[in-house]
Amino acid sequence: MTQIEILPKTEMKMPNVFLHPPHLPLIAPSILAADFAKLGAEAADVQRCGADLLHIDIMDGHFVPNLTMGPDIVLALARSGGLMQDVHLMVSNPDEHFEAFAKAGAKHLTFHIEVRHDESALDMIKRIHDLGCTAGVCLNPATPVEALGRSMGEADLILVMSVVPGFTGQAFMPEVLEKVKFLRQELGAHQRLEIDGGIGIRTAHQALEAGADVLVAGAAVFRNPERAQTIKLLRGDYPK
Ligand code: DX5
Ligand code: ZN
């Protein structure tokens, strides 16, 4: 059995911005596009540049082809302080890892509805809530909203993928905007609607118009020297 490192309670007091958003939309740069040789500095830089969250892409080489990070990275980033982490679990067995990520300091966990597991999505949401985190449910581009079933009413956040997950820097798939429009009508005002993949200034505008209120952006923020200006523009803060 692997050792789970635990973030001290004093370091776990950070408010959950999905429950108490200071404004909308929220901008969540994806650390997957950062320079991995200086993760702490990269996280601090996007916070200084106005980001609301840090999106953490966890990939297992099975549910998606790529391999990325685990709870130790979440723990290290939580210890370095700063932004709340929005943990996106692209793994085949997410429920086996919920506890480790929560103990590492994650305040929010999103799993994919496409994973086949004995536990229902409703049970997985309950387990995440019992760990003191908000719960998100994610839909791949090819997955219809009907797949959400009753989890649509219980999740704190629905994440619509606008690329096939696996890698940063892919092209936005505009056909998912219909799902975003539909979901915005169905979700309550307290439920967040996030979009992830290929978000840049132009596609952010389309996603916001369709009703998304949390934008993930990897390459557009981290591979750009004008990060503060880009985050403003993604938010829809255009110069008058
Ligand atoms: C895709 C990941 C995304 C990705 C976004 O598999 O879930 O979060 O890092 O990167 P960009 O914004 O570059 O498409
Ligand atoms: Zn993601």
Side-chain angles (χ1 to χ4, degrees), residues 5 7-8 11-18 21-23 25-61 64 66-91 97 100-110 133 136 138 157 159 161-163 165-172 194-201 203-204 207 214-235 237:
E5 270 207 80
L7 193 71
E11 293 176 37
M12 295 185 90
K13 293 254 154 64
M14 183 185 292
N16 185 317
V17 297
F18 288 142
H23 48 240
L26 300 170
I27 306 298
S30 166
I31 199 87
L32 188 59
D35 180 346
F36 273 28
K38 44 180 187 176
L39 279 188
E42 290 279 76
D45 189 55
V46 291
Q47 180 173 23
R48 189 183 52 76
C49 289
D52 301 296
L53 291 148
L54 202 56
H55 184 82
I56 313 287
D57 286 307
I58 308 294
M59 303 187 187
D60 65 352
V64 289
N66 202 358
L67 282 166
T68 57
M69 299 164 263
D72 287 343
I73 297 282
V74 169
L75 180 70
L77 288 168
R79 280 196 171 140
S80 75
L83 295 169
M84 173 176 141
Q85 297 179 59
D86 163 28
V87 177
H88 176 192
L89 296 164
M90 285 160 279
V91 304
H97 301 287
F101 281 104
K103 285 185 169 169
K107 287 275 158 291
H108 175 87
L109 301 173
T110 291
C133 298
C138 183
L157 173 148
L159 170 55
M161 289 308 299
S162 39
V163 296
F167 301 92
T168 192
Q170 302 184 76
F172 182 77
E194 183 174 40
I195 190 162
D196 181 8
I199 294 291
I201 291 156
T203 52
V214 185
L215 306 180
V216 177
V221 172
F222 277 108
R223 302 198 178 158
N224 187 328
E226 300 293 334
R227 292 175 176 176
Q229 176 68 0
T230 303
I231 288 170
K232 267 190 174 185
L233 293 172
L234 289 173
R235 219 188 273 295
D237 269 349

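Atoms CG and CD1, on Leu109 and Ile58 in that order, are 9.5 Å from each other to the nearest 0.5 Å. In this structure, Leu54 CG and Ile27 CD1 are separated by 13.5 Å, a value rounded to the nearest 0.5 Å. From Glu194, atom CD reaches atom CZ of Phe18 across 5.0 Å, with rounding to the nearest 0.5 Å. Going from atom CG of Asp86 over to atom CG of Leu157 covers 7.0 Å, rounded to the nearest 0.5 Å. Between Ile73 atom CD1 and Phe101 atom CZ the span is 10.0 Å, to the nearest 0.5 Å.
Of all non-hydrogen atoms in Pro71 and Ala104, the two that sit nearest each other are O-CB, 3.5 Å. Across all non-hydrogen atoms, the minimal contact from Ala43 to Leu77 is CB-CD2, 4.0 Å. Of all non-hydrogen atoms in Val163 and Ala171, the two that sit nearest each other are CG1-O, 3.4 Å. Listed here is the closest heavy atom pair of Met161 and Asp196: CE-O, 3.4 Å. The minimum heavy-atom distance linking Gly166 with Gln170 is given by the pair N-NE2, 4.4 Å. The minimum heavy-atom distance between Ala78 and Gly105, with the atom names listed, is CB-CA, 4.4 Å.
Shown here are the side chain to side chain contact (heavy atoms under 4.5 Å, CB included) partners of Val17, two or more places apart in sequence or in another chain: Pro22, Leu26, Leu53, Met84. Partners of Ala220 according to the side chain to side chain contact (heavy atoms under 4.5 Å, CB included) rule, which considers only residues two or more places apart in sequence or in another chain, are Ala217. Under the side chain to side chain donor-acceptor pair (under 3.5 Å) criterion, Asp35 pairs with no residue at all, not counting sequence neighbours. Residues meeting the side chain to side chain donor-acceptor pair (under 3.5 Å) test with Asn224, sequence neighbours left out: Thr230. Partners of Ala33 according to the side chain to side chain contact (heavy atoms under 4.5 Å, CB included) rule, which considers only residues two or more places apart in sequence or in another chain, are Thr168, Phe222, Arg223. In terms of the salt bridge (charged side-chain N to carboxylate O under 4.0 Å, His left out) criterion, residue partners of Asp52 (sequence neighbours excluded) are, by chain and number, Arg235. Every residue meeting the salt bridge (charged side-chain N to carboxylate O under 4.0 Å, His left out) condition with Arg48, not counting sequence neighbours, appears here in chain and number order: Asp45. For Phe172, the side chain to side chain contact (heavy atoms under 4.5 Å, CB included) partners two or more places apart in sequence, or in a different chain, are Ser162, Pro174, Leu177, Ile195, Ile199, Thr203, Gln206. With sequence neighbours left out, the side chain to side chain donor-acceptor pair (under 3.5 Å) criterion links Thr110 to His108.
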Practice item. Tell me, with the steps shown, if Val221 and Leu234 meet side chain to side chain contact (heavy atoms under 4.5 Å, CB included). Key: CA-CA 9 Å; Val221 172; Leu234 289 173; 3.8 Å; yes
Point to revise | Pair Ile31-Leu39, side chain to side chain contact (heavy atoms under 4.5 Å, CB included): steps then yes or no | key: CA-CA 8 Å; Ile31 199 87; Leu39 279 188; 3.6 Å; yes
Point to revise | Derivation and outcome, side chain to side chain contact (heavy atoms under 4.5 Å, CB included), residues Leu32 and Met59 | key: CA-CA 10 Å; Leu32 188 59; Met59 303 187 187; 3.5 Å; yes
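Side-chain contact annotation: Asp57 with Ser30, donor-acceptor N/O pair under 3.5 Å present.
Checked by atom type and distance alone, the side chain of Gln85 pairs as donor or acceptor with a backbone atom of Val74 at under 3.5 Å. No donor-acceptor pair closer than 3.5 Å links the side chain of Ser80 to the backbone N or O of Gly40.
Contacts classified as ring-ring contact (aromatic ring centres under 6.0 Å, His included) and involving residues 34-57 (residues at least two apart or in different chains) are given here: His55-His88.
By the 4.5 Å heavy-atom criterion applied to side chains, Glu42 and Gln47 are not counted as neighbours.
Between Glu226 and Lys232 there is no salt bridge, since none of the side-chain N atoms of the basic residue sits less than 4.0 Å from a carboxylate O of the acidic one.
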